[in-house]
Amino acid sequence: MIGKYSDIEKKWKKYWQDQATYKVDIDHDKPKYYVLDMFPYPSGAGLHVGHPLGYIASDIFSRYKRMTGYNVLHPMGFDAFGLPAEEYALQTGIHPAVSTKENMQRYREQLSNLGFSFDWSRELYTCDPKYYKWTQWIFTELYKHYFDNQTQRAHPIDELIKIFEKEGNTKVDVANTQDESFSASEWSTYDEVTREAILMNYRLAYRKVGYVNWCEELGTVLANDQVKDGISERGGHPVVQKAMTQWYLRITAYADRLLNDLESIDWSHSLKTIQRNWIGKSEGCSIFFNVKDSDETIEIFTTRADTIFGATYMVLAPEHDLVKQLTTDDQRESVEQYVAYVKSKSEVERMAEKEVTGAFIGAYAINPFTNTEIPIWIGEYVLKDYGTGAIMAVPSDDDRDKLFATKFGLEIIDVVDKSKYPGATLKDKVGVIINSGFLNGLEVPEAIIAAHHKVEELKIGKAVSNYKLRDANFSRQRYWGEPFPVTYDSKGIVNMVEQEHLPVMLPDTDDFKPGKGGQSPLSRITDWANPSVGISRETDTMPAVAGSSWYFLRYMDPHNDQEFASQEAVNYWQSVDLYVGGSEHAVAHLMYSRFWHKFLHDKGLVPTNEPFKKLVNQGMIQGVIEFIFLDKTIDTPKTFVSADLVEDLESNRYAKIPVHVDFVTNYGSPNSHLNSEGIEKFIAWRPEYTDAVFKFKEGTYQKNNAENSTGDKVNMLTLSEVGKMSKSKFNVINPDEVTAKYGTDCFRMYEMFLGPIEQSKPWDTNGIDGVSKFLKKFIELFYSNEEFNLDESSASSQELKILHTAIKKVRSDIENFSFNTSISAMMVAVNELRKLKCNKRQILDPFVRLIAPFAPFVSEEIWTLLGNKNSIHHADYPAHDESYLVEDQISYPICINGKKRGIEEFAKNMSNDDISKIVLELDYVAKWIDGKTIKRVIVVPGRMVNVVI
RNA sequence: GCCGAAGUGGCGGAAUUGGUAGACGCGCUGGAUUCAAAAUCCAGUUCUUUCGGGAGUGCGGGUUCGAUUCCCGCCUUCGGUACCA
């Protein structure tokens, strides 16, 4: 019999490596095909069973493409910068570079164990200075460019400076964050600092003030992920929004192109919709409102200028620049209280807040159409970064405004009569305008246009497009990321490090604690941060999304030290033909990559306008997440409560803290709990909870406390939820154990057999036996009496039909990424060939090639036993012959009123009339008719018969 | 809240354009083999039933000769929500 799986796998892994079976180079004689996986972040937990789902699918597809004659680029690498490694360093003192290197090594081994056909000679990782040199370089190029709205592309900033010198900024139509206008002569009087500050507002990489999650107690900035229910996940301390000057990328400049070009790419409808909604283009109008007794004006954005006569108050975002200034003394206290309340909440919490909250600031604006005074409020439902951070509130025609007005007793004036449109909601832009002066009697769509004209005529605003998309915050107050290639001189003027001096190396340190006032740990490395007198470096680092925004290009030419990739390489490989990855990257990574790619395209450095032609989202393999409850009302000692003691899971009193599933007994079941051992492991893992008390029904547990309950009596129930398998949820399951037991081919096929690739499903090792048995049965076809033995005689038509049915189905299923059904098709074929005791070469030789992309090891082994010298993975993929599949008899289900009552065989070419005649004479059909009149007989050729009575 | 997706036996899932609901596999039941067990093989397995049938693809409606599939209204779960990647 065939050898042990582990021996076979070892043998062929070595062979593929020695023979460079999967290495590719530019080859103009073959069509190219680029298959890419979203590269993994190498977490300390190792690869989990969810990761390979997409990799297996893309590997099957790559192997299929290779066997059908393509030159396939199928690389792999690592997204190696990121927060978890830094958190780990803070906990353990182990340098992120060290832990990351170890983790990558582990991933590399795990990946190669899974039999993927990666060209490892092209491997890259984002924390490699040879790689991030070019990440930094692209950043400097973004800095050196601005975006022209007319040409819809990036241009060198020098061109803009020339325009300013000639005519100031009043006529330019370019993407910007510049508020004031200036003339050419004014420009000529500006000093360098002023000019640079102005240019900053036009660059594609620029600085401005943004908000971060600030935790005073920890002295650090936190990721949204590290904040739960308004407190820090680590330690449970309060978190507030704090203003900081940071780098941003002007992705909004590309909003229209990012939106329009979606039409040119083969992505799922849902993914495109997500991106479209994320960009969130809306056509509307900006309008300036005067403020009573003040020189200030407030700019609002609205898509419903037609309802302005119903604007009875205004709402500003609590962070709006004018709030402080416009708040009257008698309102100051309540406003400050309210602003503090809002600052304690994250944006998601603000949006999800069902309770209506707000505060009156004491000032009044003038409605420019009615000339009435309307009160100015602040409210959390208005976001600083959306639109202008201020709205005119029309409570009669907007749901949220209505709730707000009702709660605070504000005036409501009906301005849209919807009586002509029964069933229309406030969201529908229909109705006839009333109570609105010159707009009265107009239908809403015409009224919107009329209102826009009026606004422009009065010079109080203009029709504009607004986007939900915001510029990307590109600064992280962290150590483990790409350093910015940026220095500041004594005047604060920015200098980009030139290409010949790149990369700016990330300095070494053994102290990863944050700097003063939330600065990056790099600020503590003073000789690096201040390289010479009067010169300081940017000490923030780039986010993880930086390195992943262009890595797909680097794979084309990964070792180039002169350019990010050669023109020869990018012109041959063009762009990614098939990209496989999780839909959780739908907006961040996939939006930024498209943006960077378009920018490089503008510079003529890549030939394509879009980076990923076709994209397939693999679903997530879900895991079980286990939580315990932290009582937020008790500060010392920290107190955890068993899940069965928490009456209201939604209550604000408790914070859900995820626990590593390895610590939990009976995980995933209703009885999942921590015993004393589990609690000790939890404490060792989360030292900040060393002194915590754990309360459960039967008693309490606290480390080193003599009064502890012991043994089985410690029953700290955990809450189990199905959710994503992720390093941050501590619930990963390792594929190594599975492959060790069943073999890699079996693991690969089982993951595919679980269900459709794009669907999420919880992991369950039960069931893998079926695939294991199938592979055994398949191998047994080649053996008789323990000997490898094939019949050289010609196959019967029945055998050929079985084979070609499978070939046809498997091929079309691969093209459709329906791998679960292709595996069932092969199972069916094996079962049938087994019944026929078929061991003919004419059948089994194509069959082993058919299965090769799925089971690369076993098929390679059998391929040599069949006497072949070259790898099966460069053999030809079988094609089906339709002539073996024709049927002369077709079986029809016979239905009475749509319900199946029997099955009959008819000749393929029999006419509908003949069929219905025979059907009506059948005994059981006659019994159903039984005196009733036959209304119709429907014969669907080749499908079914339905008798309607 | 907003955006996207999913919901079919005990479980994972299958079902070209609207045409046999439950392919394939797990599990379970019974049998064969065995001193016994594992493994293997064979048969059965949506529920219900007065054994004629009846019901059934998250829930409630609708279109149709016929709906898992199309339309309207809900419910639940999952992903994203801009600093996890």
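The chains referred to below are lettered A, B, ... by the order of the sequence lines, with proteins before strands, and numbering in each begins at 1. Predicted model, so just to flag it, every value in this text is computed and none were measured.
Under the Watson-Crick and G-U wobble criteria, each requiring two contacts below 3.5 Å, nucleotide B:rU69 is left unpaired. Base-pair partner of B:rG7: B:rC75 (Watson-Crick or G-U wobble, both distances under 3.5 Å). With a cut-off of 3.5 Å on both Watson-Crick or G-U wobble distances, the partner of B:rA21 is given as none. Within the shown strands, nothing qualifies as a pairing partner of B:rU34 under the Watson-Crick or G-U definition with both distances less than 3.5 Å. Under the Watson-Crick or G-U wobble criterion, with both distances below 3.5 Å, B:rU16 has no partner in any strand shown. Summarising the base pairing, B:rA43 is matched to B:rU29 through a Watson-Crick or G-U wobble pair whose two defining distances lie under 3.5 Å. Across all strands shown, B:rU81 is found opposite B:rG1 as a Watson-Crick or G-U wobble partner, with both distances under 3.5 Å.
In the set B:rA82, B:rG53, B:rU20, the nucleotide with an atom closest to the side chain of A:Leu469 is B:rA82. Between B:rG12, B:rG25, B:rG19, one nucleotide has an atom nearer to the side chain of A:Lys761 than all others, and that is B:rG12. When each of B:rC83, B:rC65, B:rC26 is scored by its nearest atom to the side-chain atoms of A:Asn473, the top-ranked nucleotide is B:rC83. When distances are taken from the side chain of A:Arg476 to each of B:rC83, B:rC26, B:rC84, the shortest belongs to B:rC83. With distances taken from any side-chain atom of A:Asp769 to the nucleotides B:rG27, B:rC65, B:rC84, the minimum falls on B:rG27. Side-chain proximity of A:Ile938 to the nucleotides B:rG13, B:rC65, B:rA82 is greatest for B:rC65. The side chain of A:Leu754 lies closest to B:rG12, out of B:rC24, B:rA85, B:rG12. Ranking B:rC84, B:rC65, B:rG12 by closeness to the A:Phe753 side chain, first place goes to B:rG12. Nearest to the side chain of A:Ser270, among B:rG66, B:rC83, B:rA5, sits B:rA5. Residue A:His585 places its side chain closer to B:rA85 than to any other of B:rU20, B:rG54, B:rA85.
Comparing B:rU63 with B:rU48, their P atoms sit 32 Å apart, to the nearest whole Å. Nucleotides B:rC78 and B:rU8 have their P atoms positioned 15 Å apart, rounded to a whole Å. Distance check on atom P: B:rA38 versus B:rU33 gives 15 Å, rounded to whole Å. Using C1' as the reference atom, B:rC71 and B:rG1 are 27 Å apart when rounded to the nearest Å. Nucleotides B:rG80 and B:rG62 have their C1' atoms positioned 34 Å apart, rounded to a whole Å. Comparing the C1' positions of B:rC35 and B:rU29 gives an interatomic distance of 25 Å, to the nearest angstrom. Between the P atoms of B:rG61 and B:rG56, the separation comes to 11 Å (whole Å). Atom name C1', nucleotides B:rA23 and B:rC74: the rounded distance is 32 Å, in whole Å.
More than 12 heavy-atom neighbours from other residues, nucleotides or ligands sit within 6.0 angstrom of CZ on A:Phe512. Atom OH of A:Tyr125 has 12 or fewer neighbouring heavy atoms from other residues, nucleotides or ligands inside a 6.0 Å radius. Within 6.0 Å of atom NZ in A:Lys777, more than 12 heavy atoms from other residues, nucleotides or ligands are found, so the atom counts as buried in its surroundings. Within a 6.0 Å radius of NZ in A:Lys343, no more than 12 heavy atoms belonging to other residues, nucleotides or ligands are found.
Note on A:Gln246: a base of the nucleic acid sits closer than 4.0 angstrom, heavy atoms only. Within 4.0 Å of A:Val940, counting heavy atoms only, lies at least one base atom of the nucleic acid. Note on A:Ala586: nothing from the nucleic acid sits closer than 4.0 angstrom, heavy atoms only. Within the 4.0 angstrom heavy-atom criterion, no nucleotide atom of any strand lies near A:Ile894. Using a 4.0 Å heavy-atom distance criterion, A:Pro40 is classed as making no nucleic acid contact. A:Gln226 comes within 4.0 angstrom of nothing in the nucleic acid, heavy atoms only. Looking at heavy-atom distances under 4.0 Å, A:Ser548 makes no contact with the nucleic acid at all. Nucleic acid contact for A:Met944: base, since at least one base atom lies under 4.0 Å from a heavy atom of the residue. Counting any heavy atom pair closer than 4.0 Å across all strands shown, A:Val212 reaches a base atom.
Contact annotation: A:Lys899 side-chain N/O to B:rC65 OP1/OP2 distance is not under 4.0 Å. Between A:Arg943 and B:rU16 there is no side-chain polar atom (N or O) within less than 4.0 angstrom of OP1 or OP2. At the phosphate of B:rC65, OP1 or OP2 sits under 4.0 Å from a side-chain N or O atom of A:Arg936. Contact annotation: A:Asn831 side-chain N/O to B:rG25 OP1/OP2 distance is under 4.0 Å. The phosphate of B:rC2 (OP1 or OP2) has no side-chain N or O of A:Asn277 nearer than 4.0 angstrom.
A:Trp550 has its ring centre less than 6.0 Å from the ring centre of A:Tyr131. Here the two rings, on A:Tyr750 and A:Tyr742, have centers that are 6.0 Å apart or farther.
If you measure from atom CZ of A:Phe819 to atom P of B:rA14, you get 14 Å, rounded to the nearest angstrom. Across the protein-nucleic acid pair, A:Met542 atom CE and B:rA85 atom C1' stand 18 Å apart, rounded to whole Å. Rounded to whole Å, atom C1' of B:rC84 lies 14 Å from atom CZ of A:Phe39. Distance A:Phe595 CZ to B:rA82 C1': 14 Å, rounded to the nearest Å. At whole-Å resolution of the value, OH in A:Tyr467 and P in B:rA82 are 22 Å apart. Distance CD1 (A:Ile768) to P (B:rG13): 16 Å, rounded to an integer number of Å. Note: CZ (A:Arg811) to C1' (B:rU16) measures 19 Å, nearest angstrom. Protein atom CD of A:Gln275 is 13 Å distant from nucleotide atom C1' of B:rA82, rounded to whole Å.
Anti is the classification of B:rG7, since its glycosidic angle lies more than 90° from 0. In this structure B:rG58 sits in the anti conformation; its chi angle is more than 90° from 0.
Take the nearest nucleotide of RNA chain B for A:Pro893 and for A:Arg470: the residue whose nucleotide is more 5' is A:Pro893. Ranked by how close their nearest RNA chain B nucleotide is to the 5' end, A:Lys835 and A:Lys468 are led by A:Lys835.
The residues A:Arg350 and A:Glu319 are annotated as salt-bridged, a charged nitrogen and a carboxylate oxygen being separated by less than 4.0 angstrom. With respect to A:Glu86 and A:Arg476, no salt bridge is recorded, no charged nitrogen being found less than 4.0 Å from a carboxylate O.
A:Asp540 and A:Ser520 share no side-chain donor-acceptor pair at under 3.5 Å.
Annotation: cation-pi geometry not satisfied between A:Arg594 and A:Trp278 (NZ/CZ under 6.0 angstrom from ring centroid, within 45° of ring axis).
No donor-acceptor contact under 3.5 Å links the side chain of A:Gln759 to the base of B:rC78. Put simply, the side chain of A:Asn946 and the base of B:rC65 share a donor and an acceptor less than 3.5 Å apart.
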